[in-house]
S.K.: 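My questions will all concern the structure given below.
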Amino acid sequence: MNLITSSIAATALISLILVLIAFWLPLLNPDNEKLSPYECGFDPLGNARLPFSLRFFLVAILFLLFDLEIALLLPLPWGDQLPSPLSTLIWATIILLLLTLGLIYEWLQGGLEWAE
């Protein structure tokens with residue numbers, strides 16, 4: 001077999017083994033906690049109109065913001081091969097500086113503290 005055929009076969013075999021393990025493993029030890037639905041820490045069988053903390057959304061938005069930062073900085077190694085790599089470095093530094101200043105502002109305002 002050539003290299004492409006053997007790598008495709010190995011990939012398919014490993015994928016099939018992982019899928020079978022993923023279907024087989026959770027069925028070994030089911031209990032009430034694993035079988036119950038999970039909705040952000042709330043009791044799924046209780047009242048649906050319970051108030052919840054807005055800090056949860058603040059942390060979620062901050063997570064998305066820093067996840068977006070990673071997506072914006074991901075092409076940075078390829079940007080170094082442009083005719084002007086210094087401009088790529090300057091833009092990346094500006095993005096990191098703005099996000100760092102935003103994180104410091106949130107920290108100083110107390111937005112990252114769970115308990116008051």
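Hydrogens, waters and symmetry mates are skipped; everything else that's a heavy atom, side chains included, is used.
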S.K.: Out of curiosity, Leu13 CG to Leu18 CG, how far, rounded to the nearest 0.5 Å?
M.R.: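 The CG atom of Leu18 is 9.5 Å from CG of Leu13, to the nearest 0.5 Å.
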
S.K.: Which pair of heavy atoms, one from Ser6 and one from Leu3, lies closest together, and at what distance?
M.R.: OG-O, 2.9 Å

S.K.: Set out, in order, the CA-CA distance, both residues' side-chain angles and the distance that settles side-chain contact (heavy atoms from CB on, under 4.5 Å) for Ile70 and Phe66, then state yes or no.
M.R.: CA-CA 6 Å; Ile70 292 171; Phe66 285 101; 6.0 Å; no

S.K.: Sequence neighbours excluded and cut-off under 3.5 Å, please list the side-chain donor-acceptor pairs for residues 87-105, or say none.
M.R.:
from, atom 1, to, atom 2, distance (Å)
Ser87, OG, Ser84, O, 2.9
Thr88, OG1, Gly79, O, 3.2
Thr93, OG1, Leu89, O, 2.7
Thr100, OG1, Leu96, O, 2.7

S.K.: Write down the atom of Thr11, the atom of Ser7, and the distance for their closest heavy-atom approach.
M.R.: OG1-O, 2.7 Å

